[in-house]
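All figures in this text were calculated on a predicted structure; none of them were measured in a lab. Residue numbers start at 1 and run along the sequence shown.
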Amino acid sequence: MIAVALTVALALQKPGPPPSSADTAGGGASRPCEVAIDSMARAYTRPGTGTGGTATNYFGGGGIRAHCKGTTSTLAADTMAYFSALGRLDLLGRVKLRDTTIALDANFVSYFTRDERLEAHNNVVSVNRRTGSVLRGPNLTYLRALQGVRDTVEMRASGRPTVEYRETPDSGEPYIIVGDRIRFKGDDRVWAAGHVTIDRSDFASRSDSMMLDETRGFGVLVGQPRVEGKSGKTYTLVGSRIELGLVQREIRLVKALGRGKATGDDWVLTADTIHLLVDARKLQQALAWGDSSRPHAVAPLYTILSDSLAIDTPGEVLTESRAFGRALSTAKRDSTTAAADIDWIAGDSLTIRFVQERDSTGHERSRLQQIHAAGSARALTHHFDDRDTTAVPAINYSRGKAIAVALKGAKIARVVVAGRADGIHLEPRPPAPPPSDTAKAKPKP
């Protein structure tokens, strides 16, 4: 943005140029900008009423081209008007402002020299040349850094603008931010309100409002926030409030605070608080805890309930889960397993390990391989006869300091109990023998 101090006398050959202003190159300390008119087809002046006397207003048309003396900053427009009493410069028709930090296009621009404020309207396109971020919308207010007023550049836009948010011009795919109202402070802080959406090929969010602070690597979504991971295996996260942890504008942490619910391709996790750790745009780990809503993970063939829970998914592959505090896990053979045949294991803590196997469709799925319970461990398991899958299973209930359950396929293969072990094992009652011939014979009269 060019803080214009228009030296109209260069083109109009009239005395009394408008007061000097400053350029905003670098966005910091002011640097005087004396605008030299390079070309102007028509120019004239008109007297105007000013404070304490008569002021002069300046007008030009037929195509305006100008530059800031001693800099590369330029401006262009079809027509211009400068009202000296107001300290206001209007540029109309195909307005283009260029300097080292910003490129701005619009159909109408007003610049107020006294408070270093620029207002652009109608087909506004603003490009931050330092970061490569682009704003498009119906209007934009640009507030220059001004000593004693504001310490850094600010931008405000309404009318549902769209922002391509980048870290550097060559940083690749941007985040697309859309909201009813958007505000920037410097290059690294942005706020949005009113049906806010953020989209990228690997990430999407929806909320009523949001804030991003790149200096702190921190973001917040509030108002029915929802986040979706779209790279590889998908996930969604909702909560009362969602916070984002960022490193160089890459999302590394997504946190649901209050009524959290995370949904993956084959699991659902609910808890008061859920943290999703992301690297290389893929989910690597989920952490959950809470009091009013204890972590509860539900998959098609197993569940986990505890005071806190960690789920490891390096490279989006489920490998291990660890549950702590009144931990309970249930498992069943398949989706048709009766409630009476569901296995469960409980303890002060649980460690659950998974292996990858291909299903009938050829896709790799995580399957339970081993469950280890420690501290007041208890387990109820069902053991089916491999030779007769229709037979009633044996039932085993065990207690001990630690219990390890190994599975083969979807069935219990082995149960090992350690530390003051006890329990009970019930075999199914054998079928009744067929009746004998003598039992069938009728008694003689």
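If you check the side chains of Asn139 and Ser158, you find a donor sitting under 3.5 Å from an acceptor. A side-chain donor-acceptor contact under 3.5 Å links Ser110 and Asp90. At a cut-off of 3.5 Å, with distance as the only test, no side-chain donor of Thr313 or Gln284 sits close to an acceptor on the other residue. For the residue pair Gln370/Arg353, the side-chain donor-acceptor check at 3.5 Å is satisfied.
Annotation: ring pair (Phe, Tyr, Trp, His ring centres under 6.0 Å) contacts involving residues 282-326, sequence neighbours excluded, comprise His275-Trp289, Tyr302-Phe354. Note on residues 236-248: pairs passing side chain to side chain donor-acceptor pair (under 3.5 Å), not counting sequence neighbours, are Ser240-Arg259, Arg241-Glu243, Glu243-Lys255. Within the structure, the side chain to side chain donor-acceptor pair (under 3.5 Å) test picks out the following pairs touching residues 413-427 (sequence neighbours left out): Asn396-His425, Arg399-Asp422, His425-Glu427. The salt bridge (charged side-chain N to carboxylate O under 4.0 Å, His left out) contacts involving residues 367-384 comprise Glu357-Arg367, where partners must be two or more places apart or lie in separate chains.
Ring geometry, Tyr175 versus Phe203: the interplanar angle exceeds 60°, so the pair is classed perpendicular (tilted spans 30 to 60°).
Few gaps surround CZ on Arg88; more than 12 heavy atoms of other groups in view lie less than 6.0 Å from it.
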Report task. Any chance you could lay out the side-chain contact (heavy atoms from CB on, under 4.5 Å) test for Ile198 and Ile176, step after step, and finish with the verdict? Result -> CA-CA 5 Å; Ile198 305 176; Ile176 306 300; over 6 Å; no

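Of the candidates Thr351, Ile304, Ile345, Ile403, Ile371 forms a side chain to side chain contact (heavy atoms under 4.5 Å, CB included) with just one, namely Ile345.
Proximity of a side-chain donor or acceptor of Arg183 to a complementary backbone N or O of Ala193 within less than 3.5 Å is not detected. In this structure a side-chain-to-backbone donor-acceptor pair under 3.5 Å is present from Glu173 to Ser201. Checking side-chain atoms of Asp343 against main-chain N and O of His382 turns up a donor-acceptor pair under 3.5 Å.
The side-chain contact (heavy atoms from CB on, under 4.5 Å) test applied to Asn107 returns Asn122, Asn123, not counting sequence neighbours. For Asp38, the salt bridge (charged side-chain N to carboxylate O under 4.0 Å, His left out) criterion is met by no residue, not counting sequence neighbours. Every residue two or more places apart in sequence or in another chain that forms a side chain to side chain donor-acceptor pair (under 3.5 Å) with Ser133 is listed here: Thr131. With sequence neighbours left out, Thr215 forms a side-chain contact (heavy atoms from CB on, under 4.5 Å) with Asp188, Asp213. With sequence neighbours excluded, no residue satisfies side chain to side chain donor-acceptor pair (under 3.5 Å) with Asp266. Partners of Arg189 by salt bridge (charged side-chain N to carboxylate O under 4.0 Å, His left out), not counting sequence neighbours: none found. With sequence neighbours excluded, the residues that form a salt bridge (charged side-chain N to carboxylate O under 4.0 Å, His left out) with Arg294 are Asp307.
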Pairs of donor and acceptor atoms involving the side chains of residues 220-235, under 3.5 Å and at least two apart or interchain, shall be tabulated with distances.
| residue | atom | partner | partner atom | Å |
| --- | --- | --- | --- | --- |
| Lys230 | NZ | Arg200 | O | 3.2 |
| Lys233 | NZ | Glu316 | O | 3.3 |
| Thr234 | OG1 | Asp265 | OD1 | 3.0 |

